[in-house]
**Student:** 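Submitted below is the structure of interest, expressed as structure tokens.
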Amino acid sequence: MAKKLTLERIIHQQGFGARKLCRIMIRNHEVTVNGLACDEPYAEFDLDKLHYTVQGEAWDYREKSYLMLHKPSNYECSHKTQHHPTIYSLLPHPLVVRDVQCIGRLDEDTTGLILISDDGQFIHRMSSPKHKVAKTYEVRCKHPVDDSQIAQILKGVQLIDEDAPIAALACTRISEHVIHMTLTEGKYHQVKRMVAAISNRVEALKRIQIGDLQLPHDLAVGHWRWLSDSDMAKLGAI
Ligand code: URA
């Protein structure tokens, strides 16, 4: 049987604030459901394919949130930032209230694909070292990258504080200074440290793929979108 909830509870659970505030917004005619006005907080609605608006903004009911963000440079991936704005300031407030978390942090000067969710199981699945989800980075290096450097990255480089050499799953040269590197771990500053270990230096770093999911070309820097079923399949999540 389809699950039903009161409108007040739905709006509250979707991140629009305390239940009392949600009640007030509903009574103030600030909420519509499936195209119809509803000013009764205790009216019950079927959660399946529920569309609603709050203060004119359209939403679909989502039990859990799954999204991707094109991270800009000079944003930090934590809630309490030190020097730069947080990536969470790029998301609508209700999602932040729902306590979405980014899956694996990027450095403040790294750009590109970040997954964000409030589903603990999904976060664990995508970030646990056991699952070895591949992440591909586009790396612009200070000095030209030669074949022997690519070979070293594929064979494994010794990083300070690591017991054994670490190898990339894949590493290809795109141009004289640009390589694509695929890693299955997410160690601290891993790409920068691996590139330093081959006597080069990262000048720009962008994550372009997670699993089989590529950063879409039409997702502008600083913008986010919901993950579709096909995106979730590319992540191996469904
Ligand atoms: N490796 C790094 O060095 N930095 C990142 O942000 C991600 C991977």
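Numbering of ligands and ligand atoms starts at 1, following listing order.
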**Student:** Using only atom types and a distance under 3.5 Å, with no angle test, would you say the side chain of Tyr88 pairs donor to acceptor with the backbone of Cys102?
**Tutor:**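 Pair found, side chain donor or acceptor close to backbone of Cys102.
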**Student:** Heavy atom under 4.0 Å from ligand 1: found in Thr110's side chain, backbone, both, or neither?
**Tutor:**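 Thr110 to ligand 1: side-chain contact only, backbone stays beyond 4.0 Å.
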**Student:** Which residue supplies the protein heavy atom nearest to atom 4 (N) of ligand 1, what is that atom called, and how far is it?
**Tutor:**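 Protein heavy atom with the smallest distance to atom 4 (N) of ligand 1: Asp107 OD2, 2.7 Å.
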**Student:** Any N or O on Tyr137 sitting closer than 3.5 Å to an N or O of ligand 1?
**Tutor:**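 So ligand 1 has no N or O lying under 3.5 Å from an N or O of Tyr137.
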**Student:** Regarding Glu203 and Arg140, does a basic nitrogen lie under 4.0 Å from an acidic carboxylate oxygen?
**Tutor:**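 The answer is no: the pair does not qualify as a salt bridge.
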**Student:** For ligand 1, which atoms have a heavy atom of Gln190 less than 4.0 angstrom away?
**Tutor:**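 Matching atoms, with element in brackets: 1 (N), 2 (C), 3 (O).
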**Student:** For ligand 1, does Leu205 get within less than 4.0 Å through its side chain, its backbone, both, or neither, judged by non-hydrogen atoms?
**Tutor:**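 The part of Leu205 near ligand 1 is the side chain, not the backbone.
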**Student:** When you compare ligand 1 with His189, is there at least one nitrogen or oxygen pair between them that comes in under 3.5 angstrom?
**Tutor:**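 Yes, at least one N or O pair falls under 3.5 Å.
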**Student:** Assess the residue pair Tyr61 and Tyr52 against the criterion (ring pair (Phe, Tyr, Trp, His ring centres under 6.0 Å)); give the C-alpha distance rounded to whole Å, side-chain angles, the decisive distance to 0.1 Å, and a yes or no.
**Tutor:** CA-CA 7 Å; Tyr61 175 84; Tyr52 62 94; 7.5 Å; no
**Student:** Taking 4.0 angstrom as the limit, do Glu8 and Arg19 come out as a salt bridge?
**Tutor:**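 Arg19 and Glu8: salt-bridged.
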**Student:** Looking at ligand 1, does any of its N/O atoms fall within less than 3.5 Å of an N/O of Arg105?
**Tutor:**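 It does not: no N or O of Arg105 is found under 3.5 Å from an N or O of ligand 1.
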**Student:** How far is atom 1 (N) of ligand 1 from the closest protein heavy atom, and which atom is that?
**Tutor:**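 Protein heavy atom at minimum distance: Val191 N, 3.1 Å.
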**Student:** Tell me whether Asp118 is salt-bridged to Arg98, with the criterion being a basic N under 4.0 Å from an acidic carboxylate O.
**Tutor:**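 Result for this pair is yes, salt bridge flagged.
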**Student:** Between the side chains of Asp119 and Ser117, is a donor N or O closer than 3.5 angstrom to an acceptor N or O?
**Tutor:**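 Their side chains do not contain a donor-acceptor pair, so the 3.5 Å distance test is not met.
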